[in-house]
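Take a look at the structure set out below.
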Amino acid sequence: MENLEGDGPSTAAAALNQRKHELSKLFQYYLDKSTPHALYRWIGTFVLVSVYALRVYYVQGFYIVSYGLGIYILNLLIGFLSPLVDPEMEPSDGPVLPTKGSDEFKPFIRRLPEFKFWYAITKAFCIAFFMTFFSMFDVPVFWPILLCYWIVLFTLTMRRQITHMIKYKYIPFSIGKQKYSGKRPTASTRSPRAD
């Protein structure tokens, strides 16, 4: 009789863990399927951002939540724009940024990849949107001060990041395949054989 009573809670916990694991696998499956569709992922995120902004605007509150969200996104942006190995901090045996024009080309590897950047931002907006339904997160503050402070923080941080990019000569964005504009052979230097 004792075995039957002892199995009840453990069976329920095992079934709950099994269901949680199945939901986690299903979520990961759809997350993996969305990986190559960057444009659609970002469009969905911007829709979520718009819904969040409308919610904060109509409720006229939750400015602390928005400020914390802004600081978190700024932190993610720094990781997205930074190289994996910072030449200022640590010398590396692996790929590093070229510092001279004669150095070998090494691709820019981000500290925070685009997919993880998108996922973290989307998750942050979902959590912030969820927080707007609880009045305990609506701390009364004078929002223009928070906005000014965030703008100053963003400006100083981006100035430092852009200075770092200029110093180590890297651009964290690729705009398609690079084209070279070398001299084209003239008619007299072309080979007589037609290809």
Side-chain angles (χ1 to χ4, degrees), residues 3-59 61-86 89-90 92-97 105-138 150 154 157-158 161 165 170-178:
N3 289 341
L4 293 176
E5 290 175 8
D7 288 342
S10 65
T11 306
L16 184 64
N17 282 341
Q18 178 67 24
R19 183 70 178 152
K20 184 178 171 185
H21 181 68
E22 289 172 4
L23 287 174
S24 173
K25 282 175 44 176
L26 183 66
F27 177 72
Q28 189 62 44
Y29 171 76
Y30 284 114
L31 201 59
D32 291 343
K33 293 283 273 185
S34 73
T35 302
H37 307 289
L39 178 65
Y40 299 119
R41 285 188 282 117
W42 282 105
I43 288 172
T45 300
F46 284 122
V47 167
L48 180 65
V49 168
S50 300
V51 168
Y52 175 77
L54 286 172
R55 169 88 176 140
V56 169
Y57 177 74
Y58 284 120
V59 172
F62 298 99
Y63 301 119
I64 288 288
V65 173
S66 299
Y67 177 71
L69 181 64
I71 295 294
Y72 181 69
I73 290 172
L74 182 60
N75 186 30
L76 290 174
L77 186 62
I78 291 169
F80 182 70
L81 296 176
S82 299
L84 180 64
V85 178
D86 190 355
M89 298 295 184
E90 54 191 63
S92 172
D93 296 334
V96 294
L97 297 170
F105 171 76
K106 303 218 171 52
F108 181 78
I109 302 170
R110 300 178 189 284
R111 187 180 336 153
L112 182 65
E114 183 270 336
F115 183 79
K116 289 184 180 181
F117 178 61
W118 165 81
Y119 183 66
I121 284 180
T122 305
K123 191 167 59 170
F125 271 102
C126 287
I127 291 170
F129 183 73
F130 181 73
M131 289 172 74
T132 61
F133 291 100
F134 298 98
S135 62
M136 69 180 174
F137 297 115
D138 190 11
W150 187 84
F154 178 81
T157 304
M158 285 300 112
Q161 189 66 33
M165 289 179 201
Y170 67 93
I171 299 174
F173 305 106
S174 60
I175 309 170
K177 187 175 179 180
Q178 186 176 4

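Quick note: residue numbers are just sequence positions, from 1.
Note that OG1 of Thr35 and OH of Tyr30 are 14.0 Å apart. Values are rounded to the nearest 0.5 Å. How far OG1 of Thr157 is from CG of Leu81: 11.0 Å, rounded to the nearest 0.5 Å. Here CD1 of Ile121 is found 8.5 Å from CG of Leu112. Values are rounded to the nearest 0.5 Å. In this structure, CG on Leu74 lies 10.0 Å from CD on Gln161, to the nearest 0.5 angstrom. Distance check: Tyr72 OH to Ile127 CD1 gives 8.0 Å after rounding to the nearest 0.5 Å. To the nearest 0.5 angstrom, Lys123 atom NZ is 11.0 Å from Lys116 atom NZ.
Using the six-membered ring where Trp is involved, Phe133 and Phe129 have ring planes that are perpendicular, over 60° apart on the 30 and 60° scheme.
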Exercise. Evaluate the salt bridge (charged side-chain N to carboxylate O under 4.0 Å, His left out) criterion for residues Glu22 and Lys25: first the C-alpha distance (whole Å), next the side-chain angles of each, then the deciding distance (0.1 Å), finally the verdict.
Key: CA-CA 5 Å; Glu22 289 172 4; Lys25 282 175 44 176; over 6 Å; no

Practice problem: Test Met131 against Phe62 for side chain to side chain contact (heavy atoms under 4.5 Å, CB included), laying out the working first. | Solution: CA-CA 8 Å; Met131 289 172 74; Phe62 298 99; 5.8 Å; no

Self-check item: Candidate pair Met158 and Leu77, rule side chain to side chain contact (heavy atoms under 4.5 Å, CB included), full reasoning
Solution: CA-CA 9 Å; Met158 285 300 112; Leu77 186 62; 3.8 Å; yes

Quiz item: Can you check side chain to side chain contact (heavy atoms under 4.5 Å, CB included) on Ile43 and Leu39, steps first, answer last?
Solution: CA-CA 6 Å; Ile43 288 172; Leu39 178 65; 3.9 Å; yes

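Note on residues 42-51: pairs passing side chain to side chain donor-acceptor pair (under 3.5 Å), not counting sequence neighbours, are Trp42-Glu114, Thr45-Trp118, Thr45-Thr122.
Figure legend: Arg41 and Phe115 shown without cation-pi pairing, the cationic atom not lying both under 6.0 angstrom from the six-membered ring centre and within 45 degrees of its axis.
Looking at residues two or more places apart in sequence or on another chain, you find no side-chain hydrogen bond (donor to acceptor under 3.5 Å, both in side chains) involving Asn17. Tyr52 pairs by the side-chain hydrogen bond (donor to acceptor under 3.5 Å, both in side chains) definition with Ser66, not counting sequence neighbours.
Remark: the backbone N or O of Gly61 is not paired with any side-chain donor or acceptor of Asp138 at under 3.5 angstrom. Formation of a donor-acceptor pair under 3.5 Å by the Arg111 side chain with backbone atoms of Ser82 is not found in this model. Judged by distance alone, the side chain of Trp150 and the main-chain N or O of Gly70 form a donor-acceptor pair under 3.5 Å.
Across all their heavy atoms, Arg55 and Thr132 have their closest contact at NH2-O, 2.8 Å.
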